[in-house]
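All remarks here apply to the structure that follows.
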Protein chains: 2
Amino acid sequence: MMELVARRFRTLGEPLRLRILQQLEAGEKTVGELVDALDAGQPNISKHLGILYDAGLVGRRREGNAMIYGINDPMVFRLCDLVCRSETKRSKAAFEALNGRTKVKR
Amino acid sequence: MMELVARRFRTLGEPLRLRILQQLEAGEKTVGELVDALDAGQPNISKHLGILYDAGLVGRRREGNAMIYGINDPMVFRLCDLVCRSETKRSKAAFEALNGRTKVKR
DNA sequence: CGACTACATCACTATATGGTGATATAGTTT
DNA sequence: AAACTATATCACCATATAGTGATGTAGTCG
């Protein structure tokens with residue numbers, strides 16, 4: 001059970017995959033468009049898209065000889081929101097702790 | 001930026017770390033108690049606790065010569081809730097799709 | 001102080017995974 | 001069908017990381 005949840009988190013634990021999802025949040029895109037937008041190798045993008053697809057996070061359909069990918073589970077953005085908020089709070093706390101402990105010239 | 005978020009997800013992308021957090025949800029625990037509860041090696045538990053600590057997810061304090069760990073950022077449980085709900089929905093959809101496509105004897 | 005306990009860290013191995021060039025496959029066009 | 005385009009897959013290397021035995025370190029007790 002924990003294994004399943006962990007796998008899900010690991011799927012999101014890769015910057016390039018998050019950037020792919022971010023691109024798709026704006027709307028469906030072909031593999032080629034993602035390759036251009038993200039400045040990454042095509043096999044690499046395809047591999048990551050495959051992982052996201054297997055995880056059920058994105059959907060795809062064929063159109064001509066292009067594959068069009070799109071978001072399938074909007075949950076990911078709520079997850080990212082939570083993490084970002086937490087990260088921000090953490091950074092702020094770290095900053096204030098530093099200010100509190102450091103002798104500041106006045 | 002995405003790198004930070006990804007790192008956070010990767011921290012949660014490990015079953016043993018999730019199980020540690022799950023244990024700590026019930027209340028603070030020492031390293032030894034976690035080792036017993038999770039049936040894992042002590043160095044391994046300590047390493048994972050260190051990772052969770054560096055990530056700011058757990059806090060710790062010394063008491064005698066025992067180290068007591070506890071949850072520091074309850075966000076993780078909201079994250080897990082979201083993932084679990086999504087996972088459940090996905091499993092259910094997969095099941096129904098299977099039932100819809102398979103010829104069933106009646 | 002020495003012995004003991006609880007934990008952290010080190011050193012190492014095994015495995016998983018990301019990136020990439022080469023190649024296979026599906027669809028289109030002529 | 002041959003040539004072309006878009007994507008997927010393969011084979012491989014490099015790196016990251018989980019697990020583990022040995023060792024270091026902080027605190028307690030006699």
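Both backbone and side-chain heavy atoms feed into the values below; hydrogens, waters and symmetry mates do not. These numbers were taken from a predicted model, which means no experiment stands behind them. Lettering of chains follows the sequences in order, A, B, ..., and the numbering in each one begins at 1.
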Exercise. Does the distance from a Lys or Arg side-chain N to an Asp or Glu carboxylate O, for Arg8(A) and Asp73(A), drop under 4.0 Å?
Worked result: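 Looking at Arg8(A) and Asp73(A), the cut-off is met.
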Problem set entry | Lys/Arg N to Asp/Glu carboxylate O, Glu63(A) vs Arg61(A), below 4.0 Å |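 The answer is yes: the pair qualifies as a salt bridge.
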side-chain N/O [X] vs [N] OP1/OP2, d < 4.0 Å:
| X | N | value |
| --- | --- | --- |
| Arg17(A) | dG18(C) | yes |
| Thr30(B) | dC7(C) | yes |
| Tyr69(B) | dA8(C) | yes |

Between [atom2] on [N] and [atom1] on [X], what's the gap in Å once rounded to a whole number?
| X | N | atom1 | atom2 | value |
| --- | --- | --- | --- | --- |
| Asp39(A) | dT20(C) | CG | C1' | 14 Å |
| Lys29(A) | dT7(D) | NZ | P | 13 Å |
| Leu49(B) | dA6(C) | CG | C1' | 13 Å |
| Ile68(A) | dA6(D) | CD1 | P | 13 Å |
| Arg60(A) | dT7(D) | CZ | P | 12 Å |
| Arg61(A) | dT7(D) | CZ | C1' | 16 Å |
| Arg10(A) | dT15(C) | CZ | C1' | 12 Å |
| Leu34(B) | dA8(C) | CG | P | 10 Å |

Problem set entry | Nearest-nucleotide 5' precedence on DNA chain D, Ala66(A) against Gly50(A) |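 The answer here is Ala66(A).
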Exercise. Between Cys80(A) and Leu18(A), which heavy-atom pair has the shortest distance, and what is it?
Worked result: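 Of all heavy-atom pairs spanning Cys80(A) and Leu18(A), the closest is SG-CD2, 4.3 Å.
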For this session: For residues Asn72(B) and Gly56(B), report the shortest heavy-atom separation together with the two atoms involved.
Result: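 Here Asn72(B) and Gly56(B) meet closest at ND2-O, 3.3 Å.
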For the pair [X] (side chain) and [Y] (backbone), establish whether a donor and an acceptor sit closer than 3.5 Å, ignoring hydrogens and angles.
| X | Y | result |
| --- | --- | --- |
| Ser86(B) | Leu82(B) | no |
| Arg10(A) | Gly13(B) | yes |
| Arg17(B) | Thr11(B) | yes |
| Arg62(A) | Ile68(A) | no |

Problem set entry | Worked check of side-chain contact (heavy atoms from CB on, under 4.5 Å) between Thr30(B) and Val35(B) | CA-CA 9 Å; Thr30(B) 69; Val35(B) 169; over 6 Å; no
Pick out the pairs of N or O atoms, protein on one side and nucleotides 25-30 of chain C on the other, that lie under 3.5 Å.
{"residue": "dG27(C)", "atom": "O3'", "partner": "Gly64(A)", "partner atom": "O", "Å": "3.4"}

Listing time: all N or O pairs from protein to nucleotides 19-25 of chain D that are below 3.5 Å?
{"residue": "dG19(D)", "atom": "OP2", "partner": "Asn44(B)", "partner atom": "OD1", "Å": "3.0"}
{"residue": "dG19(D)", "atom": "OP2", "partner": "Asn44(B)", "partner atom": "ND2", "Å": "2.7"}
{"residue": "dG19(D)", "atom": "OP2", "partner": "His48(B)", "partner atom": "NE2", "Å": "2.7"}
{"residue": "dG19(D)", "atom": "O5'", "partner": "Asn44(B)", "partner atom": "ND2", "Å": "3.2"}
{"residue": "dG19(D)", "atom": "N7", "partner": "Lys47(B)", "partner atom": "NZ", "Å": "3.3"}
{"residue": "dG19(D)", "atom": "O6", "partner": "Lys47(B)", "partner atom": "NZ", "Å": "3.0"}

